[in-house]
Structures are given as structure tokens and as C-alpha cells.
Amino acid sequence: QVQLVESGGGLVQAGGSLRLSCSASGRDFSRYVMGWFRQAPGVEREFVAAVSWSGGITYYVDSVKGRFTISRGNAKNTAYLQMNSLKPEDTAVYYCAAAAGIAPINIRTSGRYDSWGQGTQVTVSS
């Protein structure tokens, strides 16, 4: 069973920054898409960002474009989400996810991901 562990969440004021990290173990993730989703109270889980196995292609939900940056480490078993200019509406539990062999058309669909972390809370105050 693949294990994903997120870290880096916390409480920050609007306009501040946080950097989330995701570490994978249990499999070789060199060819896995790594993604981030978030879930706020009262809403469905939302796609945030994803990065290809090579790290060369990234995807973002429109609401975070220009503010968030996803990347992955050289070992390919880590993923990062740099979040700048945070807004209160970014408040949510953020989940790391991994998918093998996923097609671009399915990148934003949570059901296509194979493994999930436990989540890390991000709270942005006004």
C-alpha cells in the first residue's frame, strides 16, 4: 500500500505564504502524476494543482493560477505546493494524491488518483 504524508499546513494571515510537502513511500513514484486537492467545509473536494511525472507539465485550477506553484523533487517521490498571496477562501484541508498512467483529461478528477494522504490543514485569516 502506497503511503502519502503531507506537511507544511498551518495558520497564516491573508497575503502570506505556505509551502506544503508530500512524501511518498511504498512504491516507485518516478512515473506517477502527483496532485493536490483541497476540501473546505460544506463543499466537495476540489482539484488544486498537479505535476507530471517528469515535473515538466503543471496544471492548476483557475482560482490559484499565478499564486500557487506545484513542483516535485528530483527523486520524484515528493511533491510541493508553494502557496503565495493566500486568501481566506484558500482555507481547506489539503490532500496530496498520486496517480499512475493518468491521462491529461483525467488530471483534475479525484477518482482517477490511486493514493491519498491524510491531509494537512491550511487556514488563512483575514
Main-chain N/O of Gly119 paired to Glu6 side chain as donor or acceptor, under 3.5 Å: yes

Minimum side-chain heavy-atom gap Glu46-Ser63 below 4.5 Å: yes

Would you list the atom pairs, donor with acceptor, under 3.5 Å between side chains in residues 88-102 and any protein atom, with sequence neighbours excluded?
{"unit_1": "Asp90", "atom_1": "OD1", "unit_2": "Arg38", "atom_2": "NH1", "d": "3.0"}
{"unit_1": "Asp90", "atom_1": "OD1", "unit_2": "Arg67", "atom_2": "NH2", "d": "3.1"}
{"unit_1": "Asp90", "atom_1": "OD2", "unit_2": "Arg67", "atom_2": "NH1", "d": "2.7"}
{"unit_1": "Asp90", "atom_1": "OD2", "unit_2": "Arg67", "atom_2": "NH2", "d": "3.4"}
{"unit_1": "Asp90", "atom_1": "OD2", "unit_2": "Lys87", "atom_2": "N", "d": "2.8"}
{"unit_1": "Thr91", "atom_1": "OG1", "unit_2": "Pro88", "atom_2": "O", "d": "2.9"}
{"unit_1": "Thr91", "atom_1": "OG1", "unit_2": "Val124", "atom_2": "N", "d": "2.9"}
{"unit_1": "Thr91", "atom_1": "OG1", "unit_2": "Val124", "atom_2": "O", "d": "3.4"}
{"unit_1": "Tyr94", "atom_1": "OH", "unit_2": "Arg38", "atom_2": "NH1", "d": "2.8"}
{"unit_1": "Tyr94", "atom_1": "OH", "unit_2": "Asp90", "atom_2": "O", "d": "2.7"}

Step-by-step side-chain contact (heavy atoms from CB on, under 4.5 Å) determination, Phe47 to Ile107: CA-CA 9 Å; Phe47 169 81; Ile107 285 290; 4.0 Å; yes

Test item: Arg108 side-chain N/O and Tyr59 main-chain N/O as donor-acceptor pair under 3.5 Å: no

Aromatic contact, Phe37 with Tyr113 (centres under 6.0 Å): yes

Check: Met34 and Cys22 side chains under 4.5 Å, non-hydrogen atoms: yes

Stepwise side-chain contact (heavy atoms from CB on, under 4.5 Å) test for Val48 and Phe68: CA-CA 9 Å; Val48 178; Phe68 291 11; 3.8 Å; yes

Set of residues satisfying side chain to side chain donor-acceptor pair (under 3.5 Å) with respect to Thr123, sequence neighbours excluded: Gln121

Any residue meeting side-chain contact (heavy atoms from CB on, under 4.5 Å) with Val5, in chain and number order, not counting sequence neighbours: none

Side-chain donor-acceptor pairs under 3.5 Å in residues 11-18, sequence neighbours left out?
{"unit_1": "Ser17", "atom_1": "OG", "unit_2": "Asn84", "atom_2": "OD1", "d": "2.8"}

Partner residues of Ser23 under the side-chain contact (heavy atoms from CB on, under 4.5 Å) criterion, sequence neighbours left out: Thr78

side-chain contact (heavy atoms from CB on, under 4.5 Å) assessment of Val51 paired with Ile57: CA-CA 6 Å; Val51 60; Ile57 305 173; over 6 Å; no

Trace of the side-chain contact (heavy atoms from CB on, under 4.5 Å) decision for Arg19 with Leu81: CA-CA 6 Å; Arg19 183 174 182 257; Leu81 186 68; over 6 Å; no

Residue Arg45 excluded, over 12 heavy atoms near CZ under 6.0 Å: yes

Partner residues of Tyr80 under the ring-ring contact (aromatic ring centres under 6.0 Å, His included) criterion, sequence neighbours left out: none

